[in-house]
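These values consider heavy atoms only, across backbone and side chains, with no hydrogens, waters or symmetry-generated copies.
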Protein chains: 2
Amino acid sequence: MVSSKDVAKHAGVSQTTVSRVLNTPNLVKKPTVDKVMAAIEELHYIPNAHARSLVQNKTYTIALLSGPLHNPFFVDTTAAIVNYANSKGYRVHVQFVNDEKLNEAYTSAVENKVDGVVMSCILLDDPIFEKFEKMDIPFITYNRKHINNKHFVEIDNYQAGVLSAQHVLELGHKQIAWIGGPSTVSTFKNRYDGFAHTMSDHMLSQQYVIQTDTTKQGVKEAFEKLMHLPTPPTAICAATDAIALQTIDEATKAGFHVPLDISVVGIDNVDISKHGRIELTTIGSVSEQNLGYLAISELIEMIENKKNSCVKITESVKVFNRKTTKAYQ
Amino acid sequence: MVSSKDVAKHAGVSQTTVSRVLNTPNLVKKPTVDKVMAAIEELHYIPNAHARSLVQNKTYTIALLSGPLHNPFFVDTTAAIVNYANSKGYRVHVQFVNDEKLNEAYTSAVENKVDGVVMSCILLDDPIFEKFEKMDIPFITYNRKHINNKHFVEIDNYQAGVLSAQHVLELGHKQIAWIGGPSTVSTFKNRYDGFAHTMSDHMLSQQYVIQTDTTKQGVKEAFEKLMHLPTPPTAICAATDAIALQTIDEATKAGFHVPLDISVVGIDNVDISKHGRIELTTIGSVSEQNLGYLAISELIEMIENKKNSCVKITESVKVFNRKTTKAYQ
DNA sequence: TGCAAAAATGAATACGTAACCATTGAAGCA
DNA sequence: TGCTTCAATGGTTACGTATTCATTTTTGCA
């Protein structure tokens with residue numbers, strides 16, 4: 001392992017000068033710079049980022065705690081986050097976390113002294129929130145939110161639930177199902193609340209509400225359960241595009257045609273939903289800004305400008321009316 | 001920043017003992033362990049991974065240099081790689097690299113003294129290959145391959161090209177197009193070679209071959225160019241599922257029905273191709289093993305067992321006959 | 001030419017950990 | 001009891017860098 005000391009010896013200068021050549025070359029005479037650079041080239045010297053972090057207390061590393069990639073929402077956000085962070089000179093530790101492994105992920109982030117944490121996977125009442133605040137680690141959540149109501153970037157989830165219900169109601173549906181996820185997660189809770197509120201406003205019962213674990217298998221079972229009911233639903237509001245896409249997959253493979261036999265609407269407006277073969281009707285941010293992008297740009301702002309003001313962004317939403325819903329007749 | 005020295009002072013022992021409690025507790029008397037653990041709890045001590053790396057010369061970090069996530073192949077592989085690495089106790093630095101930024105990515109990996117590198121984005125003749133070998137950094141490429149022909153995991157790309165052509169030939173097509181990518185990349189080169197060879201075996205001209213930059217825009221232009229030909233192709237062999245999916249998207253939006261108006265076949269057999277609304281006919285590994293998984297498990301094997309034997313895995317392929325191709329009539 | 005100010009360089013140190021070597025104390029045994 | 005062996009612990013150092021402070025060299029100017 002060739003170190004800056006080796007370079008120094010080889011160039012006939014002190015290690016300090018080598019360090020200066022790399023960090024503040026304007027403080028070093030031109031010929032010295034050349035000498036040192038030549039030695040660096042010759043020895044193939046590459047500075048050790050860990051040693052630097054140790055003394056500078058800065059790692060240029062960000063931890064991303066994302067949901068699983070089989071959910072296309074996290075595909076879009078992960079890409080945006082990693083790319084933006086890299087463009088700003090930060091490396092990204094990526095983890096796809098299921099809720100059980102959350103603590104491990106947190107610890108890993110802290111042990112590595114990351115400069116910041118951007119995460120989706122936070123439970124409504126997760127104690128990690130306080131921990132990060134105490135340790136003075138900048139962080140932000142996207143999509144999901146904590147009860148403390150700080151440092152988040154989200155879409156207006158409640159309103160998304162409202163719009164989802166309204167959309168199929170306006171199409172004349174009465175038997176409307178909801179396929180959601182665990183209510184310990186703010187996203188699922190708020191979207192469902194919006195849905196439920198709208199349904200009861202229209203005096204419609206909620207016999208079709210299913211809470212899944214959002215896995216492929218879970219959605220499959222939910223769909224089958226719904227369709228085996230005496231009077232199956234004619235429209236399904238899915239809590240996320242991921243669930244909507246799974247549902248459509250199941251429906252199609254079970255011989256149903258979407259939207260002729262059943263309407264499906266999602267929430268998130270993920271990229272793949274625009275595909276010509278999918279054309280998923282969904283609810284998404286009016287600005288069509290990627291939530292991951294919003295989160296990471298805010299986080300890096302927090303890191304670099306040490307601003308302590310809370311980031312609270314809630315994007316308003318609208319219906320993206322595509323081809324998976326249809327008027328009830 | 002609370003350090004192991006602080007813990008030592010607080011527990012009334014030496015820093016060495018604190019280190020031992022965490023790493024080799026069986027060498028420490030029970031009551032001492034308890035004392036130290038109590039101090040650790042009380043002070044919320046968390047060890048500094050960078051300091052540890054510095055002295056141990058081991059980071060438990062792997063760099064992943066992946067292609068962009070808008071290509072579903074990289075969605076599948078990234079998920080597999082990150083999850084497997086995490087399960088083995090490794091963190092993963094993820095970068096989505098375009099070919100220009102390759103060198104930056106390499107440098108970042110080396111500066112951070114990662115334990116290994118797994119990458120897709122290597123050019124056929126990239127000099128980085130030698131560099132990594134010289135620096136004794138374990139690495140492996142998946143999907144793409146280097147001319148040196150070492151340390152790779154791939155599918156049989158040539159044969160995939162052959163099968164792709166054969167498949168549409170057997171369906172009776174004669175006007176067969178190829179939409180590929182830059183031939184500086186092994187994947188594209190070999191797949192095309194297989195396609196081209198099969199075509200010339202059948203005495204068919206290759207007036208329909210287009211090399212794109214694999215971007216959305218590039219594929220769109222390629223498709224439009226093809227369909228504006230006097231006698232447009234009746235089947236399109238796409239070099240990757242990503243290109244096939246883009247092509248189908250364009251075709252659908254341009255009013256064509258796939259496969260009634262035009263057949264499309266991909267290569268890679270990505271997860272999303274199985275979706276009920278997509279049902280992409282494609283060529284993929286017989287074993288259906290995720291290439292990313294193969295690569296990362298081999299890499300970690302190399303890291304932990306210091307085995308120097310070259311990893312050379314070429315998975316054989318078959319046709320996954322789904323619903324985007326149809327007999328020509 | 002002489003002197004102060006500024007520029008350029010170097011020596012020493014700190015960051016937080018694990019590893020090596022040294023020391024202490026306890027246990028085992030004749 | 002006296003000796004050896006082993007368990008338990010501590011002191012010191014190294015890892016590779018940036019930084020602080022000290023020293024040397026150069027520059028500017030009267």
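In this structure, A:Lys35 places its NZ atom 10 Å from C1' of C:dT9, rounding to the nearest Å. In this structure, A:Lys5 places its NZ atom 8 Å from C1' of D:dC15, rounding to the nearest Å. Separating the CD1 atom of B:Ile46 from the P atom of C:dC15 is a distance of 19 Å, rounded to the nearest angstrom. Rounded to whole Å, the distance from CG on B:Leu54 to C1' on D:dA18 is 13 Å. Computed from coordinates, the B:Arg20 CZ to D:dT12 P distance equals 15 Å when rounded to whole Å. Per the geometry, NZ belonging to A:Lys58 stands 20 Å off C1' belonging to C:dG16, to the nearest Å. Here D:dT23 presents its P atom at 20 Å from CG of A:Leu27, a figure rounded to the nearest Å. To the nearest angstrom, C1' of D:dC15 lies 16 Å from CG of B:Asn112.
At D:dT9, none of the side-chain N or O atoms of B:Thr16 fall inside 4.0 Å of OP1 or OP2 (strictly under the cut-off). Listed pair B:Thr32 / D:dT9 meets the phosphate criterion, a side-chain N or O lying under 4.0 Å from OP1 or OP2. Within the structure, every side-chain polar atom (N or O) of A:Ser19 is placed at least 4.0 Å from both OP1 and OP2 of D:dT17. Note on A:Gln56: a side-chain N or O is less than 4.0 Å away from OP1 or OP2 of D:dT19. Here B:Asn23 reaches the OP1 or OP2 of C:dA18: one of its side-chain N or O atoms lies under 4.0 Å away. Between C:dA11 and A:Ser14, no contact under 4.0 Å exists linking OP1 or OP2 to a side-chain N or O.
Along DNA chain C, the nucleotide nearest to B:His50 and the one nearest to A:Thr17 differ in position, and the one closer to the 5' end is contacted by A:Thr17.
Distance from the side chain of B:Arg52 is smallest to C:dA18 among D:dT9, C:dC15, C:dA18. Among C:dA8, D:dT17, D:dA14, the nucleotide with an atom closest to any side-chain atom of A:Lys29 is C:dA8. Checked against C:dG10, D:dG10, D:dG16, the side chain of A:Asn48 finds its nearest nucleotide in D:dG16.
Looking only at side-chain heavy atoms (C-beta outward), B:Tyr106 and B:Val117 stay at 4.5 Å or farther from each other. Between B:Leu69 and B:Val75, the closest side-chain pair of non-hydrogen atoms falls below 4.5 Å.
Remark: A:Asn103 CG to A:Ile128 CD1 distance equals 6.5 Å, nearest 0.5 Å.
Using a 4.0 Å heavy-atom criterion, one finds that A:Val13 contacts the sugar-phosphate atoms exclusively.
For A:Lys113, the NZ atom sits in a packed shell: over 12 heavy atoms of surrounding residues, nucleotides or ligands are nearer than 6.0 Å.
Using bins of under 30°, 30° to 60° and over 60° for the plane-to-plane angle, the ring pair A:Phe139/A:Phe132 lands in the tilted bin.
Within 3.5 Å, a donor on the side chain of B:Gln15 pairs with an acceptor on the base of C:dA18, or the reverse.
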